[in-house]
Trainee: 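This is the structure I want to talk about, given as structure tokens.
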Protein chains: 2
Amino acid sequence: MATQRRRNGQGSGKANPAEDEAVYQAILHALLEGTLKAGTKLAEPPLAEIFGVSRERIRKVLHRLGAERRLEMIPNRGARVPRPTLDDVRSVYEAHRVLEAGVLTQLVRHVDDALIDRLNAHLAEERAAATRGDRAASVRLSGAFHVYLVEALGNAELSRFLADLLSRSSVMVSVYEPATDSICAVDEHGAIVEALRARDLARAIAVSREHFIHVESRLHLDDDAAPAAEDLTSVFAAVKPKRRKAR
Amino acid sequence: MATQRRRNGQGSGKANPAEDEAVYQAILHALLEGTLKAGTKLAEPPLAEIFGVSRERIRKVLHRLGAERRLEMIPNRGARVPRPTLDDVRSVYEAHRVLEAGVLTQLVRHVDDALIDRLNAHLAEERAAATRGDRAASVRLSGAFHVYLVEALGNAELSRFLADLLSRSSVMVSVYEPATDSICAVDEHGAIVEALRARDLARAIAVSREHFIHVESRLHLDDDAAPAAEDLTSVFAAVKPKRRKAR
DNA sequence: TAAAACAAAAATGTGCACATTTGGCATGAC
DNA sequence: GTCATGCCAAATGTGCACATTTTTGTTTTA
């Protein structure tokens, strides 16, 4: 029994690039969705069983998420969902604000009608979502607006950096709940576009700055008392493991 | 001899966090130094022997460097030193330029005499290095100036992003040799500080922009014909392995 | 002769079996 | 009752033995 040959069933235990991605996406999704609460411990053995994959695979994904700073890795003590402080959140928002100031500076030199049209089209979508009260779409489109601004520059480095910031802040809003009131940022987004159209850099930056300060002001520290470590099985209830062990 | 126990130093064959770091630093250093030429293949077995550690350890470090985008990882095909195109380099410089515009925008709102004094002190160092013809120090200090600017904001996210850009561009200059002429950027750095002191945002951004365009203009595509895959043993000749196998 | 086909060798990827470390819990001392 | 100490179970980290893929070198074929 010691020298069992390990000829495990169908898929084989070897080489499955898609499996990594599936686990990665599942955990990432749970993180972004807010299903995984801050402070939750992500141990390898339970995850391995839940997803029906080897522990090594879980380990690799966990460390990858740690490298992306989406999980907090402590040597010999595993992975936890980070519990960002209010300062951390402010730091992310400030970084976004500073970055966008630079982006606008560069953009006013290269605006053309096509860009303005595209941005206006996006604003129309945002307004439509807000009008019909679709909060999820509003949040998504609201973030997408800033992505559009950066991507207008066509710089991969900057786009990646923004994506990093956004993914982190989207996790944070689930902790610091930017409240229930509507995003109400559409008008401010419109003001930015208008300033861009007029090639008025100073105004664009001022409006953008106001916009961020406005958003930041809505952050509030809920509580740090009841993070409540959840049951991982229920969090990932949706996933269908290849072969979960019987209970 | 085949079953050597690998009794590294005190511990045992297990758990040595410092060993990872040593390998990581060695490879990173070779990358930044330019000793590892672009396009070089970094295979696991030879590196494992050179450093006298297990292949798994090498593998972990390689993947970490890949996650940091310092190495190009291709599934099933290993790691290579990236061969940045001229567009890649321009992209990094542009990102730095855009970021610095944002940083300056934020900085003019918070400048104080202490900051100006610190920056001026740094400029003095730069000039001293240039005067005595210390090219290595000039390059280092020249990069440090921009780091100072960002760190004056005290934002960890922005600092990290700049560090990422700088480490990448420093690798690139070794490919596109920004020429031998002196850095000559000291005056431009001084102009930025001067504009900051005067709280003149428009001038600060303009000067910074000119500075970057100036630097970018010096980039030139040398050749892509002779990358020459090197012998890894000679590249890492300095490292002293715990136990290198006999030849 | 050049291209295609094949075989051997090397390199990468992965599961598993431990070694090491951490955390919890019971036992004992003050 | 509280704190310290020592064990035991669980979790993390690592080397190793393959499986799989890629690469290289040789032979065959048009």
Side-chain angles (χ1 to χ4, degrees), chain A residues 1-24 39-67 71-80 229 231-232 241-243 245, chain B residues 1-24 39-67 71-80 229 231-232 241-243 245:
Chain A
M1 158 249 187
T3 49
Q4 57 175 350
R5 214 32 124 118
R6 271 205 64 298
R7 186 133 295 275
N8 67 5
Q10 67 305 355
S12 81
K14 303 293 171 181
N16 192 337
E19 221 165 53
D20 281 58
E21 197 59 20
V23 175
Y24 174 81
T40 308
K41 170 78 184 295
L42 292 181
E44 298 169 8
L47 287 174
E49 186 181 335
I50 289 174
F51 287 97
V53 301
S54 77
R55 190 167 71 85
E56 315 294 303
R57 212 173 279 268
I58 297 291
R59 153 173 286 267
K60 196 180 3 167
V61 170
L62 253 38
H63 280 262
R64 174 176 166 194
L65 287 164
L71 289 181
E72 187 179 354
M73 303 293 298
I74 305 177
N76 286 322
R77 296 189 38 183
R80 308 193 83 92
D231 178 30
L232 290 181
K242 305 270 177 52
R243 180 79 84 84
K245 285 189 214 141
Chain B
M1 156 235 174
T3 49
Q4 56 174 349
R5 213 34 126 119
R6 276 199 68 307
R7 187 138 292 278
N8 63 9
Q10 69 302 355
S12 71
K14 302 290 173 180
N16 192 336
E19 220 166 55
D20 281 58
E21 198 60 20
V23 175
Y24 174 80
T40 307
K41 170 79 184 293
L42 291 181
E44 299 169 7
L47 287 175
E49 186 181 334
I50 289 175
F51 287 97
V53 300
S54 77
R55 190 166 72 84
E56 316 292 304
R57 212 172 278 267
I58 298 290
R59 154 173 285 268
K60 199 184 355 171
V61 170
L62 254 39
H63 280 264
R64 175 177 165 195
L65 287 165
L71 289 180
E72 186 179 354
M73 304 293 298
I74 306 177
N76 286 322
R77 298 189 40 184
R80 307 193 84 93
D231 179 29
L232 289 180
K242 305 270 174 51
R243 179 78 83 84
K245 283 188 215 145

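In what follows, chains carry the letters A, B, and so on, assigned in the order in which the sequence lines appear, proteins first and then strands, with residues in each chain numbered from 1. The basis for the numbers below is simple: all heavy atoms, side chains too, and nothing from hydrogens, waters or symmetry mates.
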Trainee: Quick one: salt bridge (charged side-chain N to carboxylate O under 4.0 Å, His left out) partners of Glu21(A), sequence neighbours excluded?
Mentor: Arg64(A)
Trainee: Quick one: is dG13(D) close enough that its OP1 or OP2 comes under 4.0 Å of any side-chain N or O from His63(A)?
Mentor: yes
Trainee: Quick one: NZ on Lys41(B) to CZ on Arg77(B), what's the gap to the nearest 0.5 Å?
Mentor: 8.0 Å
Trainee: So do Thr40(B) and Leu232(B) actually touch side chain to side chain, heavy atoms under 4.5 Å?
Mentor: yes
Trainee: How close or far is atom C1' of dT21(C) from atom CG of Asn76(A), stated in whole angstroms?
Mentor: 5 Å
Trainee: How close or far is atom P of dG13(D) from atom CD1 of Ile58(A), stated in whole angstroms?
Mentor: 14 Å
Trainee: Taking atom C1' of dG13(C) as reference, at what distance in whole Å does atom CD of Glu19(A) sit?
Mentor: 13 Å
Trainee: Could you check how far CG of Leu42(B) sits from C1' of dA11(C), rounded to whole Å?
Mentor: 13 Å
Trainee: Please report the interatomic distance CG(Leu47(A)) to CZ(Phe51(A)), rounded to the nearest 0.5 Å.
Mentor: 6.0 Å
Trainee: May I have the distance from Arg57(A) (atom CZ) to dC16(C) (atom C1'), rounded to whole angstrom?
Mentor: 14 Å
Trainee: Nearest whole angstrom, please: distance from the P of dT14(C) to the CD of Glu21(A).
Mentor: 13 Å
Trainee: For Arg59(B) and dG13(C), is the shortest distance between a side-chain N/O and OP1 or OP2 below 4.0 Å?
Mentor: yes
Trainee: Quick one: does Arg80(A)'s side chain have a donor or acceptor within less than 3.5 Å of a partner on Gly39(A)'s backbone?
Mentor: yes
Trainee: Please enumerate all residues that pass salt bridge (charged side-chain N to carboxylate O under 4.0 Å, His left out) together with Glu72(A), with sequence neighbours excluded.
Mentor: none
Trainee: Between protein and nucleic acid, restricted to nucleotides 9-11 of chain D and to nitrogen or oxygen atoms under 3.5 Å apart, what atom pairs and distances do you find?
Mentor:
none

Trainee: Grab the CD-P distance between Glu56(B) and dT12(C) for me, whole Å please.
Mentor: 12 Å
Trainee: Rounding to an integer number of Å, can you tell me how far Lys60(A) NZ sits from dG13(C) P?
Mentor: 8 Å
